[in-house]
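Scroll down for the structure; my scribbles are underneath it.
In this chain, residues are counted from 1 in sequence order.
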Amino acid sequence: MDLHYRVREPQIITSKTPLLILLHGYGSNEEDLFSFTPTLPEDWLIVSFRAPFSSAYEGYSWYDIDLMNQENRIDLPQAKESLQTVLENIMKITNHYELTDNQTHLAGFSQGGILSYALALQNPDLFTKVACLSCYFEEKLVGNISGNKKKIEKQRFFISHGTDDAVIPLEWGRKAADILYDLGAYFSFREYMSGHDVNQKNYMDLMEFFEK
């Protein structure tokens, strides 16, 4: 399946051009995180995907959710399908632009951040910098990654969460940080006085993370 996406191409593209993949949250679309592009490094190739499923009200989703069902909060088959689809589309873009010696980065908000955890930890050779915003670590989706521990230690994670997030509790974000700590991953975890969103300070810190 080919995902619809927005792309910002740098003036010059070489085999070493960094690629940043953006994954939006539930009920949103590819335009959301694409709004980050004006302040991201100018020499990066930036791709913002649209999720493949229609959400319950408007916009798109990576999988259906049921927050009231603690045992089966996510539609796991849909989520795994989205993971595979995103991975395949990243490979198509990498091949199209002949990015044979580059770094690939990830940034996801909410549901897109949940996918980012799984994508990055399952494929530590592929992703370098990973930003997981207002989300949590879904163990059922990530699966067994114990064999990737040495490679995960080479990745860099930026985790942010609002202290007043009414959609995904702050404690869930903190637990994700604890899991990364146990994996030996290099990460920064930051809390902001905000809800389920990215406030100005969070945004500035995210840009600094990608610029380093």
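- In this structure, CG in D164 is found 7.0 Å from CE in M193, a value given to the nearest 0.5 Å.
- Listed by chain and residue number, nothing satisfies the ring-ring contact (aromatic ring centres under 6.0 Å, His included) test with Y97 (two or more places apart in sequence, or in another chain).
- Note: the hydrophobic cluster containing F157 does not contain V198 (ILVMFWY, side chain heavy atoms under 4.5 Å, direct or indirect links).
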Side-chain polar contacts of residues 115-127 - donor-acceptor pairs under 3.5 angstrom, sequence neighbours left out - could you list them?
| from | atom 1 | to | atom 2 | distance (Å) |
| --- | --- | --- | --- | --- |
| S116 | OG | G112 | O | 2.8 |
| Q122 | NE2 | L141 | O | 2.9 |
| Q122 | NE2 | V142 | O | 2.9 |
| N123 | ND2 | L119 | O | 2.9 |
| D125 | OD2 | K151 | NZ | 3.0 |

*Should L99 and I13 be marked as a side-chain contact (heavy atoms from CB on, under 4.5 Å) after you check the CA-CA gap, both sets of side-chain angles, and the distance that decides it?*
CA-CA 9 Å; L99 306 176; I13 299 177; 4.1 Å; yes
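- In the hydrophobic cluster analysis, where Ile, Leu, Val, Met, Phe, Trp and Tyr join through side-chain heavy atoms closer than 4.5 angstrom, W44 is grouped apart from V47.
- Scanning for side chain to side chain contact (heavy atoms under 4.5 Å, CB included) contacts around Y181 gives F187, with sequence neighbours left out.
- Residues Y26 and L22 do not share a hydrophobic cluster, clusters being chains of Ile/Leu/Val/Met/Phe/Trp/Tyr side chains in contact below 4.5 Å.
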*Would F137 and D178 satisfy side-chain contact (heavy atoms from CB on, under 4.5 Å), going step by step from the backbone distance to the final call?*
CA-CA 10 Å; F137 187 101; D178 291 339; over 6 Å; no
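- To the nearest 0.5 Å, the span separating NE2 on H96 from CE on M91 amounts to 14.5 Å.
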*Carefully, step by step, assess D165 and L170 under the rule side-chain contact (heavy atoms from CB on, under 4.5 Å).*
CA-CA 6 Å; D165 193 327; L170 174 60; 5.8 Å; no
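- Side-chain atoms of S82 come within 3.5 Å of backbone atoms of W62 as a donor-acceptor pair (strictly under, hydrogens ignored).
- When side chains are defined from C-beta on, F34 does not count as touching H24, because their heavy atoms never get closer than 4.5 Å.
- Side-chain contact between I74 and Q111 is absent, with no heavy atoms from C-beta onward closer than 4.5 Å.
- In plain terms, the two heavy atoms of F210 and A131 that are nearest each other are CZ-CB, 4.0 Å.
- Applying the side chain to side chain donor-acceptor pair (under 3.5 Å) test to pairs two or more places apart or on separate chains, those with a residue in residues 131-147 are Y136-E138, N144-S146.
- Note that NZ of K80 is 9.0 Å distant from CG of L83, once rounded to the nearest 0.5 Å.
- Across every non-hydrogen atom of D64 and Q78, the tightest pair is N-OE1, 2.7 Å.
- For the residue pair K154 and R156, the shortest heavy atom distance occurs at O-NH1, 3.5 Å.
- Distance check: I93 CD1 to L19 CG gives 6.5 Å after rounding to the nearest 0.5 Å.
- Residues meeting the salt bridge (Lys or Arg N to Asp or Glu O under 4.0 Å) test with E31, sequence neighbours left out: R6.
- Clustering ILVMFWY residues whenever any of their side-chain heavy atoms sit less than 4.5 angstrom apart, transitively, puts F209 in a cluster other than the one holding V130.
- Applying the salt bridge (charged side-chain N to carboxylate O under 4.0 Å, His left out) rule to pairs touching residues 184-201 yields R174-E191, R190-D205, K201-D205, sequence neighbours excluded.
- Legend: salt bridge (charged side-chain N to carboxylate O under 4.0 Å, His left out) pairs involving residues 34-51, not counting sequence neighbours, sorted by first then second residue: E30-R50.
- Under a cut-off of 6.0 angstrom, the local environment of CZ in F53 is crowded, with over 12 non-hydrogen atoms contributed by other residues, nucleotides or ligands.
- Between L206 atom CG and I159 atom CD1 the span is 12.5 Å, to the nearest 0.5 Å.
- How far CD1 of I65 is from OG of S110: 7.5 Å, rounded to the nearest 0.5 Å.
- Within the structure, salt bridge (charged side-chain N to carboxylate O under 4.0 Å, His left out) pairs that include any residue of residues 85-104 comprise D2-K92 (at least two apart or interchain).
- With sequence neighbours excluded, the residues satisfying side chain to side chain contact (heavy atoms under 4.5 Å, CB included) with M1 are L3, P52, E81, T85.
- Residues meeting the side chain to side chain contact (heavy atoms under 4.5 Å, CB included) test with S160, sequence neighbours left out: L133, F158, Y192, N202.
- Of all the heavy atoms in S61 and S54, the pair that sits closest is OG-O, 4.1 Å.
- With sequence neighbours excluded, the residues satisfying side chain to side chain contact (heavy atoms under 4.5 Å, CB included) with M207 are F36, T39, L40, Y203, E211.
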Throw together a table of side-chain donor-acceptor distances under 3.5 angstrom for residues 102-109, partners on residues two or more places apart or in other chains.
| from | atom 1 | to | atom 2 | distance (Å) |
| --- | --- | --- | --- | --- |
| N102 | ND2 | T17 | O | 3.1 |
| H105 | ND1 | K129 | N | 3.1 |

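- Put simply, Y60 and V7 are part of two different groups of oily side chains (I, L, V, M, F, W, Y) that touch within less than 4.5 Å, one to the next.
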